Amino acid sequence: MREYSKFYIGGEWVDPSTNEHMDVIDSATEEVIGRVPLGAVADVDRAVVAARSAFDTWSTTPVDIRAKYLRDIGAGLAARYDEIVEVISGEVGSPKAFTQFVQAGLSLGEWETFAAMVETYEWEEQVGNSLVVREPIGVVGCITPWNYPLYLIICKVVPAIAAGCTVVLKPSEITPLNAYLLTEVMHAAGLPAGVFNLVVGEGPSVGAAISKHADVDMVSFTGSGRAGAQVQRDAAETVKRVGLELGGKSANIVLDDADPAAIGMGAVFGCMINGGQTCSALTRLLVPASRKDEFVDAVMAEVSQIRLVDPKADEPDLFHTMGPMSSKAHQERVRSFIQKGIDEGATLLTGGPEQPDDLPTGYYVKPTVFTDVTPDMSIAQEEIFGPVMSIITYTDDDDAVRIANGTIYGLAGAVQSGDLERAKSVARRLRTGQVDINGGAFNTVAPFGGYKQSGNTRERGRWGLEEFLETKSIQLP
Ligand code: NAD
């Protein structure tokens with residue numbers, strides 16, 4: 001049991017302004033594994049004052065010193081790797097191998113990436129008679145979700161701090177334990193007081209207080225479209241910059257020259273990665289009507305190998321194991337979408353809305369595949385955020401592109417083809433922030449973010465640093 005009673009503000013562990021708290025639940029055992037305080041507006045105010053007073057010094061601290069802090073924190077986190085894995089497996093429910101490789105693994109790499117980047121970044125350039133300088137934007141409020149809780153915190157906090165900004169973090173109240181662990185590491189690394197501040201709480205109270213705060217220069221938000229739109233409304237009054245990383249309903253287009261033997265594993269893993277609780281999950285599989293059966297068979301052969309497991313068990317095959325959904329409420333939401341797919345007339349090939357018979361405890365959802373899905377159905381339009389694949393047929397490439405682009409989202413996508421040039425030309429027609437061709441691997445230094453209602457910003461790599469910068473022109477005589 002990990003019990004926390006304080007927030008981290010101005011370099012100290014301080015008492016919250018309220019006596020409220022929230023239990024953290026293990027998704028597989030349904031037992032309480034932690035407890036954290038829930039804050040209020042007064043806690044945000046206090047954290048913003050601390051971040052503001054640290055800004056002048058931190059923003060002018062030489063980049064090599066900022067980089068050293070990043071490297072020290074990265075090393076401190078690496079030393080607590082096993083703990084990170086244990087905590088995230090519990091609060092999210094991601095199986096151990098996946099947590100080790102993806103949740104924790106990705107979280108460790110970014111420190112060196114951004115340390116090296118700020119040391120070589122061109123902070124100034126001459127344009128005609130102007131000196132154009134890039135400067136940190138100021139105090140940044142970071143609001144993050146529960147699905148990759150530590151990595152998504154790090155995708156904001158590391159570049160923000162590297163850029164010279166100071167931060168107030170509000171992690172997801174459903175998965176806050178990893179954020180406490182990170183904060184302990186930052187404190188141990190001696191990060192100057194006020195550069196990083198942690199306040200836990202609910203979105204409509206603590207999150208909204210950050211979005212509305214007149215002394216917060218930017219809100220960097222990752223989460224649902226519904227909350228993202230509210231953040232933007234709350235931030236509008238103070239005209240602050242708002243970076244939004246939101247949901248998706250991404251299409252995986254299998255062109256008619258693709259090899260069924262080559263697509264099954266990637267299609268299923270790309271959809272059901274982290275139990276489908278992945279913003280960029282490839283949840284719509286678009287197959288040519290002329291070869292539908294071959295591709296459906298390839299998918300079914302792969303899905304049949306997935307096993308629902310205890311997230312803490314030593315199960316090395318991260319491609320064929322799946323844990324529970326992260327919370328009871330989310331499990332119910334996913335199950336209701338599956339029921340909706342059945343009610344709207346899609347054909348259920350495997351899975352379903354019921355609790356798996358052999359797993360009466362834990363927020364498990366069976367890997368589920370629908371076929372005969374039409375583009376207007378809820379399961380083809382709405383983000384389910386669970387292990388649910390919707391297979392849709394198309395007639396030709398134009399039809400595939402039209403269906404792929406036919407949702408409010410535009411976060412990710414994929415194209416499978418025997419012809420790379422043909423795949424690239426289809427990829428260019430997709431209104432989406434990233435496209436993988438024939439299993440092209442996730443690249444941590446390539447820009448990540450959405451078109452349309454999937455968001456308005458880019459994280460990762462150079463773009464992730466520039467998100468937190470202002471630009472000034474100094475006209476020289
Ligand atoms: P959520 O929107 O419910 O919560 C995300 C965060 O926002 C939490 O910290 C929450 O407390 C806070 N929040 C909620 N309401 C708020 C408000 N009114 N004002 C300020 N903050 C508020 O999302 P979630 O359920 O935690 O995460 C799942 C969603 O996140 C999915 O839609 C997923 O696609 C999206 N997501 C996007 C990306 C990306 O990079 N584009 C990555 C991961 C998850």
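Keep in mind that what you see is a predicted model, and the values were worked out from it rather than measured. We use all heavy atoms of the structure for the numbers below, so side chains are in, but hydrogens, waters and symmetry mates are not. One is the number of the first residue; the rest follow in order along the sequence. Read the numbers this way: they start at 1 and go in the same order the structure lists the ligands and their atoms.
Under the 4.0 Å criterion applied to side-chain N and carboxylate O atoms, Glu470 and Arg134 are not assigned as salt-bridge partners. Salt-bridge formation is not detected for the pair Lys240/Asp234: no Lys NZ or Arg NE/NH1/NH2 atom is positioned less than 4.0 Å from an Asp or Glu carboxylate oxygen. Using a 4.0 Å cut-off between charged side-chain N and carboxylate O, Glu382 and Lys249 make no salt bridge.
Every protein residue with a heavy atom nearer than 4.0 Å to ligand 1 is included here: Ile143, Thr144, Pro145, Trp146, Asn147, Leu152, Lys170, Pro171, Ser172, Glu173, Gly203, Gly207, Ala208, Phe221, Thr222, Gly223, Ser224, Arg226, Ala227, Gln230, Val231, Glu245, Leu246, Gly247, Cys279, Glu383, Phe385, Leu411, Phe448.
Contact annotation: the side chain of Tyr364 never approaches that of Met325 to less than 4.5 Å [non-hydrogen atoms, C-beta and beyond].
Contacts of Tyr363 classified as ring pair (Phe, Tyr, Trp, His ring centres under 6.0 Å), with partners at least two apart in sequence or in another chain: none.
Taking the six-membered ring for Trp and the full ring otherwise, the centers of Phe196 and Trp58 sit at least 6.0 Å from each other.
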